There are 2 protein chains.
Amino acid sequence: MNLDKRSRLILRAIVLSYIKNAQPVGSHSITKHYDFGVGSATIRNIMSNLEEDGFLSHPHTSAGRIPTEKGYRFYVDTLFEEKTFLKNQSQITLEAESLVQREDASQLLQDTSKLLSDLTHYMAIVSAPKISAARINHIEFVRLRTNCIMTITVSEAGFVQNRFFDLEKDISQKSLNNISDYLNSLCKGMTLDGIRKKMSHQMEKMEDLYDHLESETFELTQQAMQGLHSRDTGELYTDGAINIFDLPDFTDIKVMKNLLKAVKEKKAVIELLDKYIGSDGVQVFIGSENRFLGRHGCSLVVSQYKRGDRVLGALGVIGPTRMDYSKVIPLVDSTAKQVSRLLEDLS
Amino acid sequence: MNLDKRSRLILRAIVLSYIKNAQPVGSHSITKHYDFGVGSATIRNIMSNLEEDGFLSHPHTSAGRIPTEKGYRFYVDTLFEEKTFLKNQSQITLEAESLVQREDASQLLQDTSKLLSDLTHYMAIVSAPKISAARINHIEFVRLRTNCIMTITVSEAGFVQNRFFDLEKDISQKSLNNISDYLNSLCKGMTLDGIRKKMSHQMEKMEDLYDHLESETFELTQQAMQGLHSRDTGELYTDGAINIFDLPDFTDIKVMKNLLKAVKEKKAVIELLDKYIGSDGVQVFIGSENRFLGRHGCSLVVSQYKRGDRVLGALGVIGPTRMDYSKVIPLVDSTAKQVSRLLEDLS
DNA sequence: TCTAGCACTCTATTGCCAGGAGTGCTAGAA
DNA sequence: TTCTAGCACTCCTGGCAATAGAGTGCTAGA
């Protein structure tokens, strides 16, 4: 089943042609557009072999061939082997550069998803870092009304989160200010978990020093911080969902609807991205290589972005299996790097 | 052109039937399902008159009649005149009651749009109040890094807004805390504009008391608050956009795409809602009675919600002109009231 | 090992026809 | 004067057959 050079080139030509035109590729059109120095009958023989090996499929007898997922996988792997996409890299990077620095990290991610979807005409997804894993730059408690407070956390990367909590007892804004000041002076750069541990530790030590009221405040705010942890499901930014209307791949309106619904629900997509956080560089998942993607007949090109050496989240593009990988892969790659660079500067 | 009672009843029957079945209504089906004591030929004559008067239209010679916008308008007006929808009111209100109290006002609006779209199977839109018009419950300034601060404003109704500002000079967190404390103690319940004026006033008075550094801080934070005003474009919560896939009214995929796009951009929809804020009670706009709706072939049922006697925003349902008005109108009405009630309690 | 040629298969399009739904009109009944 | 039964007419729809086109698979021969 190891393909000779000619078969590989022809397979590649078929994939390219199908990616471009979304039309089954016939032997004749190959001889017309590519010069392999052989006639269409030979191409037919080779196609037939490729089909037997599972790289191509056949909608019906008198139609051309279309790539199977295995065919796309072969094509993408050669892209990576030959580093073909690096050629486009510099030019694509330029486009990613158009992400300008902004104060608001969430806005940066939203704009990133817009950029990705605009440039690819597919759907873009960007997951935001979880606050529970982030290093905290600032934390603030605000009393909204009796027994109800709000926490505001700002991570070092510039992400802000507001959360609301009902408490068993009321706390004055003054006490909350004290706690805020205390935490901000001592706990900068720590994670929420670290801060919580430190608070417990301090409480034990200072039990006698603090009066009863203060220690109660301590405890309640710690409860709130505990809540921050448990409710931390992650955020997702997405754009370009309506692009799938323009794709000839989605003819069934039901399939489109299901995909839009899944992306709207966010949960499945966040899980999808979370799953592949951890490996460096761009990764490509084609159709049923992943359950979610298989169900909706799509592919995913994804890369993680970081700040320093901490991975913050992932960003990528969801498109049809017939996606233009040679264009999307370098774009996702350079966008991830650019986002990492911009988040680095926010400090 | 004044319709006699029988014509009115028949027109009403046609509208009801078309709303229910999305099929052109023939004279025969009217005689079958409704008992007007006349034969189908008579119905045909009356239909013909109704068409001449512009209430009905005719896809082609051998098809039944469908209501025109004027036909729907007539139907909706009779609903209001006869207060027919009040009958369903109490039952519908029950459904809107399922909006439970939550701490987070934004979440309440998001849930409201979900409730509206789930119950109607149309698209729901809810506009959030502008922070620049709101009474402020709490305001906080956080220093993010050199020359960059964040403002957090919490309105009395419970809406929170974070904004980021680059300043010409750096301010210490300590100075910001002073300003925050000062504003929160003196300015509770005022609007941003009121607070700004008060600050100017105070500055003049206290020029000598405050040292140079503090007055600079004063000025910079005031700049930020000015920025809060100018960038305040309003928020929009929406849900159920994908419901339009299930409607037989939208067969053209291009129309669907345009509508989804317009709702995603938000701006046009916010303007649409803003336009009709000010009049009490439910309002209905059918098709080309409004430019936006006409372009997308939809109708809008909308009502404003308030807190006390201050109007905060509007909520409504966008559906096809063939929308089930008799169900949607009372639902929008009672939901608006319910939201007003819940926001009242957040204090 | 490659290729030209031919028979074969399947799809998509077109035209046609019959059936059905619904109207419009008219003459006659109430 | 108003209503209605009946009939001719219009237009849509679905099914059927014929046709053209695209592409394959196979085979014999270079």
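On a predicted model such as this, the values are computed, not experimentally measured, just so you know. Below, chain A is the first sequence line, B the second, and so on; all start at residue 1.
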TODO: Give the intermediate values and the outcome of side chain to side chain contact (heavy atoms under 4.5 Å, CB included) for residues A:Tyr72 and A:Tyr18.
DONE: CA-CA 10 Å; A:Tyr72 289 116; A:Tyr18 189 68; 3.3 Å; yes
Output the rounded distance in Å from [atom1] ([X]) to [atom2] ([N]).
X: A:Ile10; N: C:dC2; atom1: CD1; atom2: C1'; value: 13 Å
X: B:His60; N: C:dG24; atom1: NE2; atom2: C1'; value: 15 Å
X: A:Gln23; N: D:dG21; atom1: CD; atom2: C1'; value: 14 Å
X: B:Leu56; N: C:dG24; atom1: CG; atom2: P; value: 11 Å
X: A:Ile30; N: D:dT24; atom1: CD1; atom2: P; value: 10 Å
X: B:Ile43; N: C:dG24; atom1: CD1; atom2: P; value: 14 Å
X: B:Glu51; N: C:dG22; atom1: CD; atom2: P; value: 15 Å
X: B:Asn49; N: C:dC25; atom1: CG; atom2: P; value: 12 Å

- [ ] Check whether the ring centres of B:Phe245 and A:Phe245 lie less than 6.0 Å apart, and answer yes or no.
- [x] yes
Taking the side chain of [X] as heavy atoms from C-beta outward, which of [options] is closest to it?
X: A:Arg6; options: C:dT23, D:dC3, C:dC2; answer: C:dC2
X: B:Ala41; options: C:dG24, D:dG6, C:dT23; answer: D:dG6
X: A:Thr61; options: C:dT23, C:dT9, C:dT3; answer: C:dT9

Watson-Crick or G-U wobble partner of [N], both distances under 3.5 Å:
N: D:dC9; value: C:dG22
N: C:dT14; value: D:dA17
N: D:dA28; value: C:dT3

Open item on the list: Does A:His28 reach a base, just sugar-phosphate, or nothing at all? Heavy atoms under 4.0 Å.
Closed with: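 The residue A:His28 makes no contact with any strand.
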- [ ] Scan A:Ser40 against the nucleic acid and name what it touches under 4.0 Å (heavy atoms): base, sugar-phosphate only, or nothing.
- [x]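 No contact at all - A:Ser40 keeps every heavy atom at 4.0 Å or more from the nucleic acid.
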TODO: Go through the steps to decide whether B:Asp53 and B:Lys70 satisfy the test salt bridge (charged side-chain N to carboxylate O under 4.0 Å, His left out), and finish with yes or no.
DONE: CA-CA 9 Å; B:Asp53 291 342; B:Lys70 188 175 170 189; over 6 Å; no
Task: Donor-acceptor pair present, A:Arg44 side chain and C:dG5 base, under 3.5 Å - done: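 Donor-acceptor pair under 3.5 Å: yes.
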Open item on the list: Ignoring hydrogens and geometry beyond distance, is the side chain of A:Ser62 in donor-acceptor contact with the base of C:dC10 at under 3.5 Å?
Closed with: yes
- [ ] Side-chain contact test, heavy atoms from C-beta onward, threshold under 4.5 Å: evaluate it for A:Ser7 versus A:Ile46 and give yes or no.
- [x]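 Yes, their side chains come closer than 4.5 Å.
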Open item on the list: Once you measure the plane-to-plane angle for B:Phe292 and B:His296, does it fall in the parallel (<30°), tilted (30-60°) or perpendicular (>60°) bin?
Closed with: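 Judged by the thresholds at 30° and 60°, the geometry between B:Phe292 and B:His296 is tilted.
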Task: Any A:Arg65 side-chain N or O less than 4.0 Å from OP1/OP2 of D:dT24 - done: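 A:Arg65 to D:dT24 OP1/OP2: side-chain N or O found under 4.0 Å.
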Open item on the list: If you compare every side-chain N and O of B:Ser48 against the phosphate oxygens of C:dT23 (OP1, OP2), does one of them come in below 4.0 Å?
Closed with: no
Open item on the list: Let me confirm one number: the CD1-CD1 distance from B:Ile14 to B:Ile19, rounded to the nearest 0.5 Å.
Closed with: 12.0 Å
Task: Whichever of B:Asn45 and B:Gly64 has its nearest DNA chain C nucleotide further upstream toward 5' - done: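 That would be B:Gly64.
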